[in-house]
Amino acid sequence: MPELPEVETIRLQMKEEIEGKKIESTKVISDKPLGNTTVEEFKERVEGAFIKDVKRRAKILIIKLSTGDSLLIHLKLTGRLLLLRPSVPIEKHTHLIFNLNDGHQLRFWDLRRFGYVKLVSGKLKEVLELKKLGPEALELSLNEFRNILAGKRSGKIKSLLLDQHFIAGIGNIYSDEALFYAGIHPERNVATLKEDEIARLHEGIRKIMSSAISYRGSSMDDYVDLFGKQGDFVPRHKVYRRMGKPCKACGSLIKRIKVGGRSAHFCPKCQV
DNA sequence: GTCGATGTTATCAA
DNA sequence: TTTGATAACATCGA
């Protein structure tokens, strides 16, 4: 479940390890992640290209190629990007392999196959899935946060935090953790939020996700970093998947409910 | 063997 | 308009 901190962890590692490298060849084991692009076109346009930059927008990784094309990578629920030696056996659920000119392979692995690696040409500003995204969660000032909240007349705050058109980058883990930080119940109606609660929520989003990046993300199920290592943030979770366990602040038992079809974890005493 | 849960997003229905 | 259900897919545990 890579969210912004997990994707950013991989981006920072990729920038360090593969920027400037050349993609000598590719192997397409499954073409599903490619979307509408044919294997022939994918190979033709990617092979021989240099990796100029590795960027991120929300939970989407963007590899800029020397040809002007870009690769948009979304890991969705279970996707992994791994940098490995070619001698490492190809694991089940590996769908794409990029052979780099330094002898390493970048492999795309995805258990549930929801993720994608899409080749897009030219201007990223016209790519629909990027255009539709709301402001970056970590680049949003309190004023901007207040303004976009003010535009909402109703709705539960948890669902809003998960809506990528509203704010981009937050997923189920960090929405729960940010709401705990702010002492706000996940089902609170947005319109009832007080000024100090909005400020605390804004602060929580920034503090928790920045901290999660420094711990290289949360490894709950399938997420690992570029080197296959687990992130270290899970022990810092206050509520996410801690149902039935004592709240780290007050000792009350953490609850789990469904909000908008998603599981929401919270402390019934700290989050009124 | 079946059911439900896991969690991101597009799409479609109400 | 907005919300909610569903589907895409694979695995695990009850």
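First the proteins, then the strands, lettered A, B, ... as listed; each starts at 1. Below, all heavy atoms of this structure are taken into account, side chains as well, without hydrogens, waters or symmetry copies.
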Check: protein-nucleotides 1-4 of chain B nitrogen or oxygen pairs below 3.5 Å:
none

Checklist entry - Yes or no on side-chain contact (heavy atoms from CB on, under 4.5 Å) for A/Ser211 and A/Arg236, after CA distance, side-chain angles and deciding distance? => result CA-CA 9 Å; A/Ser211 172; A/Arg236 274 88 191 167; 5.6 Å; no
Checklist entry - Which part of the nucleic acid, if any, lies within reach of A/Ser263 when heavy atoms closer than 4.0 Å are counted: base, sugar-phosphate only, or nothing? => result sugar-phosphate
Next on the checklist: Between A/Arg56 and A/Glu136, does any NZ, NE, NH1 or NH2 come within less than 4.0 Å of an OD or OE carboxylate oxygen?
Outcome noted: yes
Checklist entry - Taking A/Asn101 for the side chain and A/Lys22 for the main chain, is one N or O donor matched with an acceptor at less than 3.5 Å? => result yes
Next on the checklist: Could you tell me how far C/dC9 sits from B/dG1 if I compare only their P atoms? Round to whole Å.
Outcome noted: 22 Å
Item to check | Rounded distance (Å) that lies between atom P of B/dT11 and atom CG of A/Asp163 | outcome: 15 Å
Item to check | Value in whole Å for how far the P atom of B/dT9 lies from CD1 of A/Ile170 | outcome: 12 Å
Checklist outcome for this item: Annotated structure of DNA chain C as dot-bracket, pair cut-off 3.5 Å, Watson-Crick or G-U only, | for inter-strand, is .|||||||.|||||
Checklist entry - Do A/Arg113 and A/Ser30 have side chains that get closer than 4.5 Å, going by heavy atoms? => result yes
Checklist entry - Within this structure, what is the CG-to-P distance between A/Leu75 and B/dT9, rounded to whole angstrom? => result 11 Å
Item to check | Between C1' of B/dA10 and CG of A/Leu72, the distance in whole Å | outcome: 16 Å
Next on the checklist: When the P atoms of B/dG4 and C/dA5 are compared, how many Å lie between them, rounded to an integer?
Outcome noted: 16 Å
Checklist entry - Using a cut-off of 4.0 Å on non-hydrogen atoms, how would the nucleic acid contact of A/Gly115 be classed: base, sugar-phosphate, or nothing? => result nothing
Item to check | Separation of atom NZ in A/Lys131 from atom P in B/dT9, rounded to whole Å | outcome: 19 Å
Item to check | A/His74 NE2 to B/dT9 C1', straight-line distance once rounded to whole Å | outcome: 7 Å
Checklist entry - Are A/Met209 and A/Val7 co-members of a hydrophobic cluster defined by side-chain heavy atoms under 4.5 Å apart? => result no
Item to check | Separation of B/dA10 C1' from A/Leu133 CG (nearest whole Å) | outcome: 13 Å
Checklist entry - For the residue pair A/His93 and A/Trp109, does the interplanar ring angle fall in the parallel (under 30°), tilted (30 to 60°) or perpendicular (over 60°) class? => result perpendicular
Item to check | Along DNA chain B (nearest heavy atom to each residue), the more 5'-positioned of A/Lys59 and A/Arg256 | outcome: A/Arg256
Checklist entry - Heavy atom of residues 221-237 of chain A under 4.0 Å from DNA chain B: which residues? => result none
Checklist entry - How would you label the contact of A/Lys156 with the nucleic acid (heavy atoms, under 4.0 Å): base, sugar-phosphate, or nothing? => result nothing
Checklist entry - Got a sec: does the CD of A/Glu16 have more than 12 other heavy atoms crowding it under 6.0 Å? => result no
Checklist entry - Atom NZ of A/Lys59 and atom CG of A/Leu133: how far apart are they, to the nearest 0.5 Å? => result 10.0 Å
Checklist outcome for this item: Protein heavy-atom contacts under 4.0 Å, written 5' to 3' over nucleotides 7-14 of chain C as B (base), S (sugar-phosphate only) or - (none), form the string -BBBS---
Next on the checklist: Expressed as a whole number of angstroms, how long is the span from A/Leu162:CG to C/dG4:P?
Outcome noted: 13 Å
Checklist entry - Taking NZ, NE, NH1 and NH2 as the nitrogens, is one of them in A/Glu8 or A/Arg11 under 4.0 Å from a carboxylate oxygen of the other? => result yes
Next on the checklist: Between A/Tyr174 and A/Glu6, do the side chains contain a donor N or O and an acceptor N or O under 3.5 Å apart?
Outcome noted: yes
Next on the checklist: side-chain contact (heavy atoms from CB on, under 4.5 Å) for A/Asp221 and A/Leu111? Distances and angles first, verdict last.
Outcome noted: CA-CA 11 Å; A/Asp221 297 315; A/Leu111 191 144; over 6 Å; no
Item to check | Pairwise side-chain hydrogen bond (donor to acceptor under 3.5 Å, both in side chains) hits with a residue in residues 70-92 of chain A, at least two apart | outcome: A/Thr78-A/Asp110
Checklist entry - Do A/Leu140 and A/Ile184 sit in the same hydrophobic cluster, where Ile, Leu, Val, Met, Phe, Trp and Tyr count as joined when their side-chain heavy atoms come under 4.5 Å apart? => result yes
Checklist entry - With respect to the phosphate group of C/dT1, does any side-chain polar atom (N or O) of A/Lys152 fall under 4.0 Å of OP1 or OP2? => result no
Below 3.5 Å, can you tabulate the donor-acceptor pairs from side chains in residues 114-125 of chain A to any protein atom, sequence neighbours excluded?
{"residue": "A/Tyr116", "atom": "OH", "partner": "A/Glu129", "partner atom": "OE1", "Å": "2.2"}
{"residue": "A/Lys118", "atom": "NZ", "partner": "A/Glu129", "partner atom": "OE2", "Å": "3.4"}

